[in-house]
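Remember, it's a predicted structure, so these values are computed and weren't measured experimentally.
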Amino acid sequence: MFRFVILLFIGCASHFVIAQDDMSPGFKMLEKGDFEKAESFFESYLQSDPENKTANLCYGRAVGLSGDPKRATVLFGSLKDQYPNDYEITINYNESFLWDKQYNKAKPLYQDLVEKYPDKFGAVLGYANTLSNLKEYKEALVWVNKAIALNPENESAKVSKKYIRLGYANEYVNNQSYKKGIKLLLEIFDDFPEDKDALLNLANVYLITKNTDKAKSTYRRYATSKKDSITAINGMALAEHIAEKDKEALKQAEFAKSMVSEITDAKLTEQTLNRYVQALIWNRKYGDAKKEIEKLEKTYPDSNWVRALRATLGMYTAKFKMSIENYDAILAKDSASFDGNLGKANALFASDRVVPAYKAAFQTLRIFKNQKDAKGFIEKLNGMYTPLVEDHAAYTFDNGNNVAISNTISASLPWSTKFKTSLSYQYRTTENSLILNKAESHVATIGLDFKLMPNVSLNGVAGINNSRFETSYTQPVMNIKLVTKPFRLQNLELGYQREIQSFNADLIEREIVMSHYGLNYNLGTNFNLGWYTQLIHTQQSDENTRNLLFTSLYYSLMRKPALKIGLNYQYITFAEQVPTIYFSPEIYRAGEFFADVRGNFSEKTKFMASAATGIQKVEEDPQTPIFRAEAGLTHDFSKRFSANVYGKYSNIASATAAGFEFTEMGLKIKWMLGQKPVFYAKLDK
């Protein structure tokens, strides 16, 4: 995120009161940064005067700064042997370790030097830079301030202080101490008003904290030239995306793309084209994005940023295999790539390969310590596999004078990413206030979930149902499901369920056992349209049978909040009609229009609301209107504890076995027993 510099504050000629006139061309070469020419010059000079200390010193600097710092260290070391107490030689020797990025070796050398020469500006500033490169920013600030006190007008010291502040701010940001990071960045403007590096990093912090208005205003400050304006517009496009204004993000990206075509800047052009394709993907213009990527692959062959775009497109279109292949190609070329490492982790998780996803995230954190997105990804995985206790209390009443109160407590324990066990107990009491018929039921189950392979799971629940009224009975219950994703954007469930009818006291007393054989199928698309179908065949212990078809065609209008509308159709038939006992028409049809919205009130509070209305027809009876609605609110009190309150109403005839309209209110509580899965320590981190 931030750049680091080693400020070269020592010039050969400045160390000597008497400089040799015939060395002046070499001094100028060093000052201009022509280090290779300076190396040749002083090498030639030393042939005629090999013992000249000034020439040897300048030759060592030229060698080190032209790309061979280790040889420079050897040269300065030889000079130190000849002149053991010479300050100028010692400081150049120390600095050669900085050129070679051997900061740990440089640190004790500078510590010794500043103890001997506490008032030497070069020694104090060199020590500050060493500490900065070791990321010991707090101490680095102390020492760079000492250097500035020794030479208040020195520009190099101020530049050093700027980069120390940038590094220190980055450290705070990585540790999510955003206010402290922002404070340090703002302090840079005291020495360098409207500094470009500070503005870019400040805007980036605002993006991380989702303060998009401040990010955009900071980018506007940055836009003082045409090139800088393009960089700023690219940043503002990302800010619009984070603010969930993807259409505006695409407008900004298109504007930047038109501007960059008028200048010659290869790096900025790549950044702008990259942002433009990202904006196409954000707006689900996948066909356009694919065409642009194909063009870029011809113009920029073997480029990781183009591979990252194709991988991102794969993630949005559920082509996870393509994403993984591109992330692997990125890592083969650059193993330390952030996009490659965390992108692969997300693609592996989307492919239901959870352990490899964990490992890819751990690798990201090894390279990018405390990186927020990588830590958040691991926390998300941990949340899915941490032991969990849930409680669900509900109060239900209907227009048939039935009242039911139930409470279900359940616990789940994932032993690995492939195997989970669960326990559940439900107590339910029902009463009819008109005929004073009462009953209660107790259901205890144990569950086992196996992941047979990625995207194929077998879930089984078995237990007993004990129902009590004037007498009592006990029946086994069971629920088995095969959950699969046979193809991209498709989900298929095949299942069998054995349950006891327990909606009201009268039905509990009749001991009706139902065996359901079901199929659930969902088909998604990349153009917001989806189709869900449910087929259930039920065989009952009273020798009646039921067939049910439910199908729903839906369309996603918005993503945040998620707004979905659609049409539902339901068709039910019973072999035998026993309307005095439970709802059992020969033919029942219902059609309805529905809308469903889900979103966030805040970071910790979520909401959902859905409603449907339409018409229903029972056999040859006249059509009647139907309406149903549900609303809920979920609040996360902490990362481990959350609660959900909800209410729902329905007058659709098929909603209950007795055919009554009903209302339900409930509370769900979820508590994670710990912060990590029980198998977390066994993961090969």
Side-chain angles (χ1 to χ4, degrees), residues 172-183 202-219 235-249 282-284 316 342 346 349 361 370-386 388-394 528 556-565 594-611 629-649 664-676:
Y172 276 125
V173 170
N174 285 341
N175 291 316
Q176 285 85 58
S177 297
Y178 302 115
K179 289 183 179 179
K180 291 181 179 179
I182 290 171
K183 181 176 180 293
L202 188 61
N204 190 59
V205 179
Y206 290 139
L207 291 177
I208 292 171
T209 56
K210 298 184 179 180
N211 194 335
T212 53
D213 287 337
K214 283 191 175 182
K216 288 187 286 186
S217 65
T218 305
Y219 280 123
M236 286 190 282
L238 180 56
E240 298 291 2
H241 170 62
I242 293 171
E244 299 172 7
K245 299 176 182 178
D246 287 335
K247 289 184 179 179
E248 184 61 31
W282 298 335
N283 283 271
R284 300 193 176 188
Y316 273 75
L342 190 58
N346 278 286
F349 171 68
N370 292 325
Q371 207 284 325
K372 181 183 178 183
D373 295 329
K375 289 175 67 177
F377 178 80
I378 292 172
E379 285 182 5
K380 179 178 73 174
L381 294 185
N382 289 345
M384 295 175 60
Y385 295 99
T386 298
L388 181 70
V389 172
E390 295 180 274
D391 188 77
H392 177 195
N528 300 338
S556 297
L557 288 176
M558 295 170 55
R559 282 179 287 170
K560 291 186 179 181
L563 176 60
K564 181 168 63 177
I565 61 172
F594 78 91
D596 184 288
V597 61
R598 299 167 190 264
N600 299 334
F601 281 130
S602 67
E603 186 177 349
K604 294 185 176 182
T605 305
K606 302 174 185 177
F607 70 90
M608 68 79 57
S610 65
E630 181 176 1
L633 194 66
T634 301
H635 182 74
D636 296 328
F637 292 95
S638 69
K639 291 183 178 180
R640 296 170 52 195
F641 183 77
S642 64
N644 166 258
V645 292
Y646 72 92
K648 57 184 176 182
Y649 165 85
E664 180 174 302
M665 294 173 287
L667 170 67
K668 298 178 182 179
I669 294 173
K670 183 185 294 185
W671 180 36
M672 289 196 296
L673 303 178
Q675 297 180 343
K676 298 176 182 178

* Check for a donor-acceptor pair, side chain of Arg598 on one end and backbone N or O of Met608 on the other, with a separation under 3.5 Å. => no
* Asked: If you round to the nearest 0.5 Å, how far is CG of Asn204 from CD1 of Ile208?
  -> 4.5 Å
* To do: Nearest 0.5 Å please: distance from the NE2 atom of His241 over to the NZ atom of Lys247.
  => 15.5 Å
* Asked: If we only count heavy atoms from C-beta on, is the Val205 to Tyr172 side-chain gap below 4.5 Å?
  -> no
* Any chance you could measure Thr218, atom OG1, to Asp213, atom CG, to the nearest 0.5 Å? => 10.5 Å
* Do Asp246 and Arg559 pass the side chain to side chain contact (heavy atoms under 4.5 Å, CB included) test, and can you show the C-alpha distance, the side-chain angles, and the key distance before you say yes or no? -> CA-CA 11 Å; Asp246 287 335; Arg559 282 179 287 170; 3.0 Å; yes
* Asked: Do Tyr206 and Ser217 have side chains that get closer than 4.5 Å, going by heavy atoms?
  -> no
* Asked: Going by atom types only, do Asn175 and Asn370 share a side-chain donor-acceptor pair under 3.5 Å?
  -> yes
* Asked: Using the ring of each side chain (for Trp, its six-membered ring), is Phe377 parallel, tilted or perpendicular to Phe349, with breaks at 30° and 60°?
  -> perpendicular
* Asked: Minimum heavy-atom separation for Thr212 to Ala239, with atom names?
  -> CG2-O, 3.3 Å
* Would you say Gln176 has more than 12 foreign heavy atoms packed within less than 6.0 Å of its CD? -> yes
* **Considering all heavy atoms, the nearest Leu202-Ile182 contact** => CD1-CG2, 3.9 Å
* Okay, side chain of Asp391, backbone of Ile669: is any donor-acceptor separation there less than 3.5 Å? -> no
* Measure the spacing between NZ of Lys670 and OG1 of Thr634 and express it to the nearest 0.5 Å. => 8.0 Å
* To do: To the nearest 0.5 Å, tell me how far Asn211 CG sits from Tyr178 OH.
  => 12.5 Å
* Asked: Closest heavy-atom contact between Ala215 and Ala203?
  -> CB-O, 3.9 Å
* **Where Trp282 and Ala237 come nearest, the two heavy atoms and their spacing** => CZ3-O, 3.9 Å
* **Short side-chain to backbone donor-acceptor contact, Asn644 and Leu633, under 3.5 Å** => yes
* Atom NZ in Lys648, atom CD in Glu664: separation rounded to 0.5 Å? -> 4.5 Å
* Heavy-atom side-chain proximity of Trp671 to Leu388 below 4.5 angstrom -> no
* Nearest heavy atoms of Ala595 and Ile565, plus distance in Å -> CB-CG2, 4.1 Å
* Asked: Heavy atoms, side chains only, cut-off 4.5 Å: are Glu379 and Gln675 in contact?
  -> no
* Asked: Mind checking whether Phe637 and His635 have parallel, tilted or perpendicular rings, split at 30° and 60°?
  -> perpendicular
* Asked: Which residue, Lys668, His392, Glu630, forms the side-chain hydrogen bond (donor to acceptor under 3.5 Å, both in side chains) with Tyr646?
  -> His392
* Asked: What is the minimum heavy-atom distance between Gly674 and Thr386, and which atoms define it?
  -> O-CG2, 3.5 Å
* Do Ser556 and Asn528 meet the criterion of a side-chain donor-acceptor pair at a distance under 3.5 Å? -> no
* **Flag if over 12 foreign heavy atoms under 6.0 Å of NZ, Lys380** => yes
